[in-house]
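To start, the structure itself, in structure tokens.
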2 protein chains.
Amino acid sequence: MYANEFDATMQMIRGKWKIRLLYKLNANSHSRFNTLQHELNPITHKILAEQMNQLIDDGLVERHDFHEQPLHVEYNLTKKGQSLIPVVDVICDWGLANVDISELKETLCD
Amino acid sequence: MYANEFDATMQMIRGKWKIRLLYKLNANSHSRFNTLQHELNPITHKILAEQMNQLIDDGLVERHDFHEQPLHVEYNLTKKGQSLIPVVDVICDWGLANVDISELKETLCD
DNA sequence: CTGTATCCTGATAGATACTG
DNA sequence: CAGTATCTATCAGGATACAG
């Protein structure tokens, strides 16, 4: 149960690494766990799994297990997850327009 | 120093009551402290002051002290604060379109 | 009426170790 | 390669009291 529609959306994107995760998954489909962990350095193994599970629970990401040895699992955005990207873009655009770049460690949207 | 432009924007709107505050201030200019506290029931006195100060520090809200007795202070959105409203609307719209209404205690946008 | 200070609690994230 | 479990650190939110 969420307080309202804004809160519901915020819950899904709030995590410290979730937006970078969503952008990575949007840019590269069929992403794998280890690849993502290296790309999102210095994210912790446990935190990546945790935030990924939340994205899956929220229906933004789907997990595909190939049942191979060695283990092979891929992650992709769902339609719902894809529909969230433009929303995130709007937030980023406002940030770029209203925050001093020197206050940012890095930029997400180029 | 923010991690990136998304994080910078999120920091400004993340607070539990900030969006309701922004919407109230957008709907009613010249809002006063006690009025807002009653409208945002059951927000705590301290929390309202805290979140309001953050909005002021971030340049989204301006404080106008009339230097009267009894005390008279009014709050308004700045231009920057007004420019954030459409961004918040986008987030709410996505929420309304993608979250089951029965999962929401209330809706912000009617 | 409009604030600030203290103390407490729950959620989030990180370090680290363990599992199939 | 892809996870889970435990423990700890930090911080946002809230209850309450005090102040100009």
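Order of the sequence lines fixes the chain letters, A, B, ..., with proteins taken first and strands second; residue numbering starts at 1 for each chain. Hydrogens, waters and symmetry mates play no part in the numbers below; they use all other heavy atoms, side chains included.
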Nearest-Å distance for atom pair CG/C1', residues Leu36(B) and dC1(C): 13 Å
Would you say dA13(C) has OP1 or OP2 under 4.0 Å from some side-chain N or O of Gln51(A)? yes
Hey, does the side chain of Arg32(B) come within less than 4.0 Å of dC1(C)'s phosphate (OP1/OP2), counting only N and O? no
Which one, dT2(C), dA15(D), dA15(C), comes nearest to the side chain of His45(B)? dT2(C)
To the nearest 0.5 Å, what is the distance between CD on Gln82(A) and CG on Asn76(A)? 9.0 Å
Distance check needed: dT16(D) P versus Glu50(B) CD, whole Å only. 17 Å
Nearest of dT2(C), dA15(D), dA13(C) to any side-chain atom of Val73(B)? dT2(C)
Any salt bridge between Arg32(B) and Glu39(B), counting N to O under 4.0 Å? no
Heavy-atom nearest nucleotide on DNA chain C taken for Gln69(A) and for Asn53(B); more 5' hit belongs to Asn53(B)
Lys46(B) vs dT6(C): side-chain N/O to OP1/OP2 distance below 4.0 Å: no
Among dG13(D), dC1(C), dT4(D), which is the nearest nucleotide to the side chain of Lys16(B)? dG13(D)
Euclidean distance, atom CD1 of residue Ile47(B) to atom C1' of dT2(C) [Å, nearest integer]: 16 Å
Just by distance, with hydrogens left out, do Lys18(A) and Gln54(A) show a side-chain donor and acceptor under 3.5 Å apart? yes
CD of Gln37(A) versus C1' of dC1(D): gap in Å, rounded? 11 Å
Distance check needed: dA12(D) C1' versus Asp7(A) CG, whole Å only. 14 Å
Which of the following nucleotides, dT4(C), dT2(C), dA2(D), is nearest to the side chain of Ala49(B)? dT4(C)
Where the side chain of Leu71(B) is defined as all heavy atoms beyond and including C-beta, which of dT4(D), dG14(D), dT2(C) is the nearest nucleotide? dT2(C)
Which whole-number value in Å describes the distance from Leu21(A) CG to dA13(C) C1'? 14 Å
Verify the distance criterion only: is there a donor paired with an acceptor across the side chains of His72(A) and Glu74(A) at less than 3.5 Å? yes
For a quick check of understanding: with a heavy-atom distance under 4.0 Å over all strands, which category does Glu68(A) fall into, base, sugar-phosphate or nothing? nothing
Whole-Å distance separating the CG atom of Asn41(A) from the P atom of dA13(C): 17 Å
Between dG14(D) and Trp17(B), is there an OP1 or OP2 to side-chain N/O distance shorter than 4.0 Å? yes
Using atom CG of Leu48(B) as one end and atom C1' of dG13(D) as the other, report the distance to the nearest whole Å. 13 Å
For Asp100(A) and Tyr2(B), does a side-chain donor sit closer than 3.5 Å to a side-chain acceptor? no
